[in-house]
Trainee: 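Right, I'll just put the structure down here and ask away after.
The shown structure was predicted, so the numbers you read here are calculated from the model rather than taken from an experiment. The analysis underlying the following values was restricted to heavy atoms, covering all of them including side chains, and did not include hydrogens, waters or symmetry mates.
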Amino acid sequence: MLEIHHFSYGWLTPALAYIMSFVGSLLGLQCAARARSGGNRLLWPALAALAIGGTGIWVMHFIAMLGFSIDTAQIRYDVPVTLLSAVAAVVVVGIGLAAVLAPRPHPLSLVAGGTITGLGVAGMHYVGMYAMKSDAAIGYDMRFVALSLVVAVVAATAALWFTVHVRGMVAAVGAALIMAVAVCGMHYTGMAGMHAHPGGHGVPPGTEAVHLLAPLIVGSSLVTMVLLIAVSLTSIEHDMDLPPVRPATVRPVADDIAPPPKVPQPKAVAPQPDSRERPGRGPVDAAEGPPTAYWPATRQVPRRR
């Protein structure tokens, strides 16, 4: 049996694979959140499937495969089958997202979507391994294969649950960290069941890993950066939304002019009758004015001539 190395470059490739899985999962959760909030019902789920299936799963898988090697054996990759595995990852994640992001999802849609997505992700892993050609005879321990299927289904169901229920950036980061652990765990669980024996089949057909995977990973990373910028710009536009403009209330100009001050008017005093009495007359009426001096009446006597 030939010795298999999964960490030919130490912890560099596992760490990079985990980071890419985390970034893809986080972008997928953000895109799914925009689809839930009433965004484009076709664009955002498609971008979420591209981020999770393309970056979070497929790119993670082949970055990890850069650190894979077999003693005294050559490794090549079949280009069409490798690309087919990428398409399969995006499609199955899209099916799972369509099941849980439907306007009226069925109560069992999470279980069904998680099962379909998990089996699809595991299928992508083994299609990608089938794309790897070697002059060594490669086999698998079925116990690890079954365990990797279980891990894939559980990881996919958890990912879809996070997609539906996670709110807020802090919760999304935590969910993406867990999703990345699950995806990497599924990959290395399946790889742990691999064994290789000398085959002697000559040089395998296909393209070397550096010549194929490096350009694909660089291209996928650029797509991831574009998605990251698009999600960030969408978040900025959402935060900068202004409240609707209220119609202006038109008021008369006279309302803005202060009224003149009111001058207090003197109160009219009712005339009071004078209590003084004059001889031969009644009390002096105030309407007659002030009292005058009283002269007794004189009698005119005619003069004699």
Side-chain angles (χ1 to χ4, degrees), residues 20-61 83-128 145-169 171-187 189-190 220 223-224 227-228 230-231 234:
M20 291 305 296
S21 182
F22 164 74
V23 172
S25 300
L26 182 60
L27 284 176
L29 290 175
Q30 294 299 306
C31 293
R34 281 154 179 76
R36 290 197 314 264
S37 62
N40 193 309
R41 301 295 300 181
L42 295 177
L43 176 61
W44 288 116
L47 293 178
L50 181 62
I52 297 176
T55 302
I57 298 173
W58 186 84
V59 173
M60 173 270 150
H61 171 84
L83 297 178
L84 177 62
S85 65
V87 174
V90 175
V91 169
V92 295
V93 172
I95 294 173
L97 290 174
V100 298
L101 293 178
R104 296 180 179 179
H106 192 272
L108 297 179
S109 58
L110 178 62
V111 177
T115 302
I116 294 173
T117 304
L119 294 178
V121 169
M124 182 282 305
H125 171 82
Y126 289 105
V127 169
V145 172
L147 181 59
S148 67
L149 293 178
V150 173
V151 173
V153 171
V154 173
T157 304
L160 295 180
W161 187 89
F162 286 133
T163 302
V164 175
H165 294 90
V166 166
R167 299 289 188 277
M169 179 55 70
V173 170
L177 292 172
I178 297 174
M179 289 170 62
V181 170
V183 172
C184 294
M186 181 273 298
H187 172 83
T189 299
S220 301
V223 172
T224 302
L227 283 176
L228 179 61
V231 172
T234 305

Trainee: Taking atom CG of L160 and atom CD1 of I52, what is their separation to the nearest 0.5 Å?
Mentor: 7.5 Å

Trainee: Could you give the distance from OG1 (T115) to CG (L149), rounded to the nearest 0.5 Å?
Mentor: 11.5 Å

Trainee: Using a 3.5 Å cut-off and no angle test, enumerate the donor-acceptor pairs between side-chain atoms of residues 21-33 and protein atoms at least two apart in sequence or in another chain.
Mentor:
from	atom 1	to	atom 2	distance (Å)
S21	OG	G56	O	3.0
S25	OG	S21	O	2.8
Q30	OE1	R34	NH1	3.4

Trainee: If I take atom CE from residue M179 and atom CD1 from residue I57, how far apart are they, to the nearest 0.5 angstrom?
Mentor: 7.5 Å

Trainee: Compare all side-chain heavy atoms of T157 with those of L110 and state whether any distance is below 4.5 angstrom.
Mentor: yes

Trainee: To the nearest 0.5 Å, what is the distance between CE on M186 and NE2 on H125?
Mentor: 6.5 Å

Trainee: Which pair of non-hydrogen atoms, one from S85 and one from G128, has the smallest distance, and what is that distance?
Mentor: CB-N, 4.0 Å

Trainee: If you measure from CH2 on W44 to CG on L97, what distance do you get to the nearest 0.5 Å?
Mentor: 14.0 Å

Trainee: Which pair of heavy atoms, one from T117 and one from G96, lies closest together, and at what distance?
Mentor: OG1-CA, 3.3 Å

Trainee: Where do A99 and G113 come nearest, in terms of heavy atoms and distance?
Mentor: CB-CA, 4.3 Å

Trainee: If you compare all heavy atoms of G190 against all heavy atoms of Y126, which two are closest, and at what distance to 0.1 Å?
Mentor: CA-OH, 3.7 Å

Trainee: Closest approach of V121 and V92, non-hydrogen atoms and distance?
Mentor: N-CG2, 4.0 Å

Trainee: What's the spacing between M60 CE and M20 CE if we round to 0.5 Å?
Mentor: 11.5 Å

